[in-house]
Protein chains: 2
Amino acid sequence: MQRKSWATENCPMARSVDILGDWGSLMILRQAFSGTTRFDDFQKELDLSRNLLTARLKKLVERGVLERRLINEDGRRHEYVLTEMGEDLLTTVVALRQWGDRWLFKPDLPPVTMVDARDGREIQQVHIHAADGRELTRSGLRLRPRVPESAS
Amino acid sequence: MQRKSWATENCPMARSVDILGDWGSLMILRQAFSGTTRFDDFQKELDLSRNLLTARLKKLVERGVLERRLINEDGRRHEYVLTEMGEDLLTTVVALRQWGDRWLFKPDLPPVTMVDARDGREIQQVHIHAADGRELTRSGLRLRPRVPESAS
DNA sequence: CCGTATCCATTCCGATACTG
DNA sequence: CAGTATCGGAATGGATACGG
C-alpha cells in the first residue's frame with residue numbers, strides 16, 4: 001500500500017481519485033462514453049496492455065462505474081456498459097476535456113469537438129450554479145464543514 | 001516511461017490526465033482551492049512525504065497550473081498560487097467532488113459542503129450547457145472530428 | 001473474442017537524514 | 001520554513017505466452 005490512508009478517508013475528492021486516478025481509467029471512461037463496450041475494442045483504441053485493461057475494467061466494475069454483461073449465451077462475449085453512477089461522470093469527463101482543450105491545445109485546435117446533438121453547435125463550458133441559477137466562480141464559493149467545531 | 005505514447009497524443013483528456021493524473025496532484029489542487037499556499041501547510045494537510053510533495057509541486061508549476069512566488073525578500077519563504085490555468089480547473093474539481101458526494105458517500109453525509117458565498121445555500125450540480133443554454137445529458141452530446149473523413 | 005499467468009525492468013513513494 | 005539526497009521495499013505495467 002503505497003497510497004496514504006487519506007486515500008479512502010473522509011474526503012469525496014480522495015475517494016473519487018482513488019477510483020479514477022489510476023492511469024488509464026479516465027481513458028477507459030472516455031471510450032465508454034463514446035460507445036465502446038468490448039474488451040478488445042478498448043484494447044485496440046487505447047493501446048494498453050491486456051493486463052492493465054483487465055485490472056482497470058475489473059476495478060471499475062467492482063466500484064460500480066461499469067457493468068459487465070453477457071451478450072451471447074453460447075459464446076463468451078461480454079460488454080462493459082456504464083452504470084448510472086458511471087453515466088454521472090459525464091460532467092467530470094467533459095470538464096476535464098474542456099480544460100485540456102483550452103489550456104493544453106492552445107493555440108492548436110483539439111482534434112474533436114463536442115456538439116449539441118440537436119443543432120450541431122459546440123457546447124458551452126461546464127458551469128457551476130448557485131441555488132438560484134446564478135453562475136459561480138471560485139470567489140463565489142465557500143466550504144462549509146458539516147460539523148462546526150465551535151459555534152459558527 | 002511506463003505510460004504509453006497516447007499520454008501526450010492528440011487527445012485533450014490524455015494530456016489533462018497526464019498533468020493531473022498523478023496520485024496526489026488533485027489533492028494539492030483541492031487544497032490550493034481552499035487557500036493553502038505554503039509548502040509545509042500542504043505537507044501537513046495532505047500528510048504526504050516531502051519528497052512527493054516537492055515533485056508534485058514542481059510538476060504543477062512546470063505545467064503552468066501553479067505559480068511559485070517569493071514572499072519574503074530576506075527570508076526564503078515561498079508560496080504556491082493558482083495561475084489562471086489552475087483557477088480554471090475549478091469546474092473539474094467541483095465536478096469530481098460532487099460525484100464523490102453523490103456516489104461514494106451515499107447515504108453518508110460528506111464532511112464538507114460547498115455553498116454559495118452570497119446566500120450560504122448549497123451549490124447545484126455542475127451542468128453541461130448547449131449554446132442556447134439548454135442543459136445537456138449524454139444523449140444530447142455528440143463528438144465531431146475536426147477533420148471529417150468524407151464530406152460532412 | 002476475452003481474458004489469465006508469469007516474468008521482469010522500471011518507477012513510485014515513504015522514511016530518514018541533511019542543508020540554507 | 002522549504003526544500004534536497006539517498007535508500008529500499010512495494011507496486012506498476014508491458015511483453016509474452018497460454019486457455020476457454
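So that the names make sense, note that chain A is the first sequence line, chain B the second, and so on, each numbered from 1.
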* If you take atom types as modelled and just measure distance, does the side chain of A:Asn51 reach the base of C:dT6 with a donor-acceptor pair under 3.5 Å? -> yes
* Asked: Do B:Arg77 and D:dA2 have a side chain to base donor-acceptor pair shorter than 3.5 Å?
  -> no
For the side chain of [X], counting heavy atoms from C-beta on, which of [options] is nearest?
X       : options              : value
B:Arg38 : C:dC2, D:dG13, D:dC1 : D:dC1
B:Tyr80 : D:dG13, D:dG3, C:dG3 : D:dG3
A:Asp40 : C:dG3, C:dC1, C:dC13 : C:dC1
A:Arg68 : D:dT4, C:dG3, D:dG3  : C:dG3

In whole Å, what is the span from the [atom1] atom of [X] to the [atom2] atom of [N]?
X       : N      : atom1 : atom2 : result
B:Trp23 : C:dT11 : CH2   : C1'   : 17 Å
A:Lys58 : C:dC2  : NZ    : P     : 16 Å
B:Ile28 : D:dA2  : CD1   : P     : 14 Å
B:Glu45 : D:dC1  : CD    : P     : 12 Å
A:Leu53 : C:dG3  : CG    : C1'   : 10 Å
A:Leu57 : C:dC1  : CG    : P     : 16 Å
A:Lys59 : D:dA11 : NZ    : C1'   : 12 Å
A:Ile71 : C:dG3  : CD1   : C1'   : 15 Å

* Please figure out whether B:Ala55 or B:Lys44 has its closest DNA chain D nucleotide nearer the 5' end. => B:Lys44
* **Contact nearer the 5' end of DNA chain D, comparing B:Phe39 with A:Arg56** => B:Phe39
* **Interatomic distance at P, D:dA17 relative to C:dC2, whole Å** => 22 Å
* Is A:Asp40 paired with A:Arg38 through a side-chain N to carboxylate O contact shorter than 4.0 Å? -> no
* **Salt-bridge criterion met for B:Arg118 and B:Asp116 (N-O under 4.0 Å)** => no
* Taking the inter-plane angle between the rings of B:Phe42 and B:Tyr80 on a 0 to 90° scale, is it parallel (under 30°), tilted (30 to 60°) or perpendicular (over 60°)? -> perpendicular
* Does a sphere of radius 6.0 Å around CZ in B:Arg142 hold more than 12 heavy atoms from other residues, nucleotides or ligands, not counting ones at 6.0 Å or beyond? -> no
* Asked: Hey, does the side chain of A:Thr54 come within less than 4.0 Å of C:dT4's phosphate (OP1/OP2), counting only N and O?
  -> yes
* Closer than 4.0 Å, any side-chain N/O of B:Arg50 to the OP1 or OP2 of C:dA15? -> no
* A:Phe42 near the nucleic acid: base, sugar-phosphate alone, or nothing, with a heavy-atom cut-off under 4.0 Å? -> nothing
* Structure fact -> Stems with DNA chain C, 3 or more Watson-Crick or G-U pairs in a row (under 3.5 Å), are C:3-20 with D:1-18
* Judged by modelled atom types alone, do B:Glu45 and B:Thr36 share a side-chain donor-acceptor pair under 3.5 Å? -> yes
* To do: Of all the heavy-atom pairs spanning A:Ile19 and A:Asp22, show the shortest one and how long it is.
  => O-OD2, 4.3 Å
* Out of curiosity, A:Cys11 SG to A:Asp18 CG, how far, rounded to the nearest 0.5 Å? -> 11.0 Å
* Asked: If you pin B:Leu52 and A:Asp41 to their nearest nucleotides in DNA chain C, which one's is more 5'?
  -> A:Asp41
* To do: Report yes or no: is the cationic atom of B:Arg138 (NZ for Lys, CZ for Arg) closer than 6.0 Å to the six-membered ring centre of A:Phe33, at no more than 45° off its axis?
  => no
